[in-house]
Amino acid sequence: MYSHTERFIIIKDGIDIQELLKVVPIEVEKENPFLKDMLGLMFLFLILFSFFIYARKKRMEDIKKENDANQKAYAFDPFTSTVIRPVRSNLAFKDVAGIKDVKEELEEIVDFLKFPAKYKKYGITLPRGVLLIGPPGVGKTMIAKAVAGEASVPFFYQSGATFVQIYVGMGAKRVRELFSQAKASAPSIIFIDEIDAVGKARGGMRNDERESTLNQLLTEMDGFEDSSGVIVIAATNKIDVIDEALLRSGRFDRRIFIPLPDRNDRVEILRAYLKNKPTTVNIDELANMSVGFSGAALATFVNEAAINALRREALSIELQDFVAVRQKVLMGKKKVLIFSNEEKQIQALYQAAKALSAYWFEIDFDKVTIVNDRLKDIDREIESKTQMLSKIKVYLSGSAATKLKYNEKFSNATEDLSRAIEIAKEMVEVYGMGEKLIPNENDVTFMLENAYKEVETFLEGMNEALEKIALELYESESITKIRLKAIIDEIL
Ligand code: ADP
């Protein structure tokens, strides 16, 4: 028989419990429903938990991947919450109308960005910095973007003003980040708009923040290797306030002037903006109406005229639309040079005389326009008396020419006269270049009068050339040194 102490395990489903109970006293253990639920819950929890761990891990991996990618593309500035992010420019040179010579100058930079190895092989060093100088709205930003577009390289845009508006020490940090990002994405272009905000000549009022930002910029530019493949393009409309240190060799030593568009340039810009617009208006006439307009003003001019035509419910944009909006466009501009035909003639003669003298007395320039002479300041440590006198002669020749032709002097000479006087004073009072070493009070007057007489005689003798150059300036509003030389060679 069975003893009470022995225990058996039987398979429940294999027997009839009720039958068995009649034979043996057995205990039937009931299942514990609570325990069963707990186990189920724990199992569920375990699944959920492992899923959570997996999802979290996956997210961290994704973030890391994203960060790694971003690291290459842009830097994040936690203090200003802005991102230094390059853009891919799709602008090409053909989108920038006119300013052909500027484009030509920049071709080399494009080529360098495209084929750096070629330049490296020949040991050619290219400028690290290009400074674009010109009034607002002439397309400085646009042309820099077009360089990036032509070379298909990333374009990093920063405005000089944002460097110095942020917390102390942040400007320098931002410069550092900008350069490190640009180097990581090389070949690339850094464009610093309004660089004068950073690079204003030191001295005068101290501004520690600006100074530390400027120093960082200088350090970064000096630290460039020629092969870094990063080109810095900066823009300003105030070259005279830029700190000398920025202009020293190896920094922004390539300077390109972009003046207000001359007549031909205006025709081309207007043509570009009128393309695909319903109009038969005479573009030459529009160019005559828009002396002193920048590229940006010309774009607005066309746009406003189109709006005007739309309001009139006209089928095409007509001259009357341009006439109607011209004043409005002019009012939006800070300083406009609007010449009447007579004033334009006087100004053309004035500038022609300066161009002719500059050529003759060997003061270098590329181009003289009706409103701008862009004489290259002689970058010499030691300047001779003759060179300084030549500059005086150039500055006096405009008013000498109008005196000869109209027997009249005009107010447009103010700025040049004060420049001439300034140089004469410096010569006499600082450099002892007057009659005697010790300055005499009449020396400055004497020097200026002598120079003036000499210029008068020179211009009288060159009247034919002068008239021709003046006519060319009147018609196309600018003349290059090469063209001027051709005119003189033809006559002499
Ligand atoms: P800047 O940087 O010299 O102040 P921008 O490059 O910002 O001038 O030019 C402002 C706008 O004016 C451009 O976006 C463009 O619409 C127009 N513009 C200026 N110059 C030209 C040009 N040469 N050809 C076509 N558009 C121009």
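Indexing begins at 1, ligand by ligand and atom by atom, following the structure's order.
A donor-acceptor pair shorter than 3.5 Å cannot be found between the side chains of Asn303 and Tyr273. A donor-acceptor contact closer than 3.5 angstrom links the side chains of Gln347 and Asn412.
The protein non-hydrogen atom at the shortest distance from atom 14 (O) of ligand 1 is Met142 SD, 4.6 Å. Looking at atom 11 (C) of ligand 1, its nearest protein heavy atom turns out to be Ala296 CB, 3.9 Å. The shortest contact between atom 23 (N) of ligand 1 and any protein heavy atom is with Ala97 O, 2.8 Å. Nearest non-hydrogen protein atom to atom 7 (O) of ligand 1 is Thr141 OG1, 3.6 Å. The shortest contact between atom 26 (N) of ligand 1 and any protein heavy atom is with Tyr273 OH, 2.7 Å. The protein atom (non-hydrogen) at minimum distance from atom 8 (O) of ligand 1 is Gly139 N, 3.1 Å.
Proximity of Phe156 to Gln181: side-chain heavy atoms (C-beta onward) are separated by under 4.5 Å at one or more points.
In terms of polar-atom proximity, Ile269 is not counted as a contact of ligand 1, lacking any N or O under 3.5 Å from an N or O of the ligand. Considering backbone and side-chain N/O atoms, Asp193 never comes within less than 3.5 Å of an N/O atom of ligand 1. In terms of N/O distances under 3.5 Å, ligand 1 is not approached by Pro136. Close N/O approach between Ala299 and ligand 1 is not found [any backbone or side-chain N/O within under 3.5 Å].
In this structure Asp416 satisfies the salt bridge (Lys or Arg N to Asp or Glu O under 4.0 Å) test together with Lys354, Arg419, sequence neighbours excluded.
Against a heavy-atom cut-off of under 4.0 Å, Val138 is close to the following atoms of ligand 1: 3 (O), 8 (O), 19 (C), 20 (N).
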Tabulate below the donor-acceptor pairs under 3.5 Å that side-chain atoms of residues 281-290 make, not counting sequence neighbours, or state none.
from: Asn282; atom 1: OD1; to: Asp284; atom 2: N; distance (Å): 2.9
from: Asn288; atom 1: OD1; to: Arg263; atom 2: NE; distance (Å): 2.8
from: Asn288; atom 1: OD1; to: Arg263; atom 2: NH2; distance (Å): 3.2
from: Ser290; atom 1: OG; to: Arg266; atom 2: NE; distance (Å): 3.4
from: Ser290; atom 1: OG; to: Leu286; atom 2: O; distance (Å): 2.8
from: Ser290; atom 1: OG; to: Ala287; atom 2: O; distance (Å): 3.3

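In this structure, Lys481 fails the cation-pi test against Tyr359, since its NZ or CZ atom is not both closer than 6.0 Å to the six-membered ring centre and inside 45 degrees of the ring normal.
Within the structure, the closest approach of Gly137 to ligand 1 falls below 4.0 Å when heavy atoms are considered.
A salt bridge is absent between Glu268 and Lys100; no separation between the charged side-chain nitrogens and carboxylate oxygens falls under 4.0 Å.
In this structure, NZ in Lys405 is found 13.0 Å from CG in Leu459, a value given to the nearest 0.5 Å.
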